[in-house]
Colleague: 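Below you will find the structure I want to go over with you.
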Amino acid sequence: MKIRITPRRLAVGAGIALLGGAAFFFLAPYNIAASVPHFSPVRWALHGYMQNAVAIRSLTLAPPSYMDPADPALQRLGAGHYATGCASCHGAPGLPRSPIVKGMRPAPPPLNDADFETEEYYWLVRHGLKYTGMPEWSGAHRPDEPWAVAAFMSVYQDVSEEDYREMAFGPSAQDGGRAAVSFGALSGDLSLQESCNRCHGTDGLGRDGMAPKLAGQSATYLADALRAYRADIRQSGFMEPLAASLTDKQISELASHYAGLDGTWRGQTLNDGDAARGEELARRGDEDDDIPSCLSCHDNERRPDTPRITGQDARWITIWLRLWREEPVTSSPGANRMHAAARPLEDEDIADLAAFFAGAEKP
Amino acid sequence: MCLPGCSGRHYWFSGASEEAQSIETLAWILFAGAGVIWLIVMALAFFAMRSSGRSNTEKSARRMILWGGFAFPTVVLAALLGTGLLTLKSIVAERSDLTLEVEGEQWWWRVGYPGGVVTANEVRLPRGRTAEILLTADDVIHSFWAPALGGKIDMIPGRENRLTLTPTTVGNWGGLCAEYCGGAHAQMRFNVIVMEPDAFDAWLEDEAAPAQPESGPGLEAFLGEGCGACHTIRGTEAQGLVGPDLTHFGARTSLGAGILALDRDTLRHWITHTDTLKPGVKMPAYPDIPTEELEDMIDYLLSLT
């Protein structure tokens, strides 16, 4: 039998489809209640599509040279953020999920037997997943940060409960003794100061390159930075969730605490970069490439409120110079100047500067 | 003629240097010759229209083409080429009394004199002496053009072009970039100040000296804001290489590469709204300098004569 398609039949068909669609939309027969599991073909299709999408979209990803997923410090940084942002829903090594999240549909899976590549974890952490409750990375324009969480996830299955506590909370402040992760508690039962110490260390020196050194930095600068994180002006998926709840009083207390610590620094270098050329750039700049000298501003003898970078770890100098090169990062009046200064830098210049600043003594 | 290029400090026929005068002479020869040829062609066309139907013989037509279409243009063009080359030879002097280096940057001019004197956006030349100007560029192709003095030569990164000028008329002549070089190309100007030789020597001696004064609240403000990252003031800690040397900034006649007269108000506006005055400029604006500090800084910069 042959059905001829006429305009009339086409119109009738379209009308029926429209009516059917409208009926589906208004009568809502598919049960979206989380209490009823997905119809299994639907679950299969959604989950399979998600896995394909993650695999395809992470094909071309690779960590930058200054973010080595095998670096224990990077894994510890990821573990620290995992405790803040991920454990609430996914549980943690040795710590089961809260009963509340088990009622989500889809429920955030425990990650003990998750099977993703490091790059796939990065993609998931950076972009999140629609229709699941998995959020995107909260620091806009910070493609560097999710590599830390991906680094932690790449070893997650080999991490014991004790290791996890040590990685995420540091040797001195243990968030221990609980049977499951309490939902919604960002950093467990830690005090505010302990929460900061997780990454920045009790001595404010950044726990072996996990986080920037804060000891002895200017209190004005530290408070400005915290306020900018709180207001979502300065971007960081690590800092913003913690800064969001701070009061002005807490900010000024934290700032004076770190400003008062002993600021004798020596940074960790990366394997590349020519420190001698970095020093020349930092002190004199370069005429042909229009690079201004760094130390004309970052001289803390003359300008105590300027962030100190001498002795900061090479990774942080690299990350921040690359961020500054792209755009003015914060609301501070110096933002345009820092962008103007970083704009002419090539990757090689950044590596040289990082090698110099990380290796230099406190000015 | 009421075009801006036809009078004043940018006028092509000002004849403010020997080289410009040679080129001017050549231009008049060209105009006159072109006028004569035009008249001859018009006259021939007129006769051709008026002549009766009598046709040319093949022989006379052939002769006409040979003489009028081949021999005459060859002779005229060869003579013109010869004159042009001779003029060119005469204006590229064998010897010079003074050598300058001018480097085009986006969007200003770095000017260097013998003895380590570096200034910006102002080329001072002594009247009656031959100056050789070595032209290069830092980033993209620029072109050095001071119409009244006759020079217009491209500045090419990685290459050094030479221009010689022997100024004959004292004055403040205008110069500009004559090759599109980016957004603020039209705001890339300079002054050519032709001085009496004695005055020039005195000026060069002053320029070679370090900054006066070498301290004060204005300098502290200048260093405190980090201006020394880009600017040099010889004799102080400010040793930046990116922007114009400001050692004798107060002695200059203009601001922002020839786009503004230099005074307190324009300087204040320049520091606080740099990007508004010259879009895309590398110098970031400093809108938040405390008023007192800013005024001290302006006092200091204007005192650098």
Side-chain angles (χ1 to χ4, degrees), chain A residues 218 220-221 224 228 233 277-310 321 324-346 349 352-353 356-357 363, chain B residues 101 103-112 118 120 136-140 157-158 182 215 217 219-233 236-246 271-276 278-290 293-294:
Chain A
S218 128
T220 314
Y221 160 64
D224 283 349
I233 294 166
R277 179 166 179 273
E279 176 163 15
E280 176 66 17
L281 283 183
R283 295 196 186 285
R284 291 297 318 272
D286 184 281
E287 182 190 329
D288 291 335
D289 293 335
D290 287 336
I291 299 171
S293 86
C294 309
L295 290 170
S296 291
C297 290
H298 290 276
D299 170 356
N300 297 92
E301 308 283 307
R302 186 182 289 285
R303 305 183 49 165
D305 290 345
T306 309
R308 206 170 91 199
I309 49 177
T310 309
L321 281 178
W324 282 117
R325 179 169 65 178
E326 298 307 318
E327 60 186 337
V329 181
T330 74
S331 65
S332 73
N336 285 324
R337 299 177 212 174
M338 194 57 221
H339 175 51
R343 204 168 33 186
L345 296 175
E346 305 281 345
D349 302 325
D352 294 347
L353 285 168
F356 164 66
F357 279 115
Chain B
E101 290 166 8
E103 185 174 21
E105 309 244 4
Q106 281 176 318
W107 291 277
W108 59 283
W109 315 80
R110 191 190 294 272
V111 184
V118 181
T136 185
D138 183 54
D139 32 41
V140 298
S215 63
L219 175 61
E220 284 306 309
F222 184 87
L223 295 172
E225 289 294 335
C227 306
C230 292
H231 295 288
T232 289
I233 299 179
T236 74
E237 280 175 48
Q239 297 291 324
L241 303 167
V242 177
D245 184 305
L246 302 178
I271 295 170
T272 53
H273 297 80
T274 325
D275 192 55
T276 318
K278 189 181 253 193
V281 65
K282 284 187 180 131
M283 175 170 155
Y286 288 69
D288 299 313
I289 303 181
E293 208 177 285
L294 179 63

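Note on naming: letters A, B, ... go to the chains in the order of the sequence lines (proteins, then strands), and numbering restarts at 1 for each one.
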Colleague: At their closest point, which heavy atom of B:C230 faces which heavy atom of A:P292, and how far apart are they?
Modeller: SG-CB, 3.5 Å

Colleague: Checking heavy atoms, do the side chain of A:R343, its backbone, both or neither come under 4.5 Å from chain B?
Modeller: side chain

Colleague: Which residue out of B:G226, B:A238, B:A229 racks up the most heavy-atom pairs below 4.5 Å with chain A?
Modeller: B:A229

Colleague: Do the side chain of A:R337 and the main chain of B:P284 share a donor and acceptor less than 3.5 angstrom apart?
Modeller: no

Colleague: Taking all non-hydrogen atoms of both residues, which atom of B:V242 and which atom of A:D290 are closest, and how far apart?
Modeller: CG2-C, 3.5 Å

Colleague: State the CD-CG distance between B:E103 and A:D288, to the nearest 0.5 angstrom.
Modeller: 6.5 Å

Colleague: Let me know if B:E105 has heavy atoms under 4.5 Å from chain A in its side chain, its backbone, both or neither.
Modeller: side chain

Colleague: Picking from B:M283, B:E237, B:R110, which has the most non-hydrogen pairs under 4.5 angstrom with chain A?
Modeller: B:R110

Colleague: For A:D289, which atoms come within 4.5 Å of any heavy atom of chain B: side chain, backbone, both, or neither?
Modeller: neither

Colleague: Where do B:Q239 and A:R284 come nearest, in terms of heavy atoms and distance?
Modeller: O-NH2, 3.1 Å

Colleague: Can you tell me how far the CG atom of B:L241 sits from the CG atom of A:L281, to the nearest 0.5 Å?
Modeller: 10.5 Å

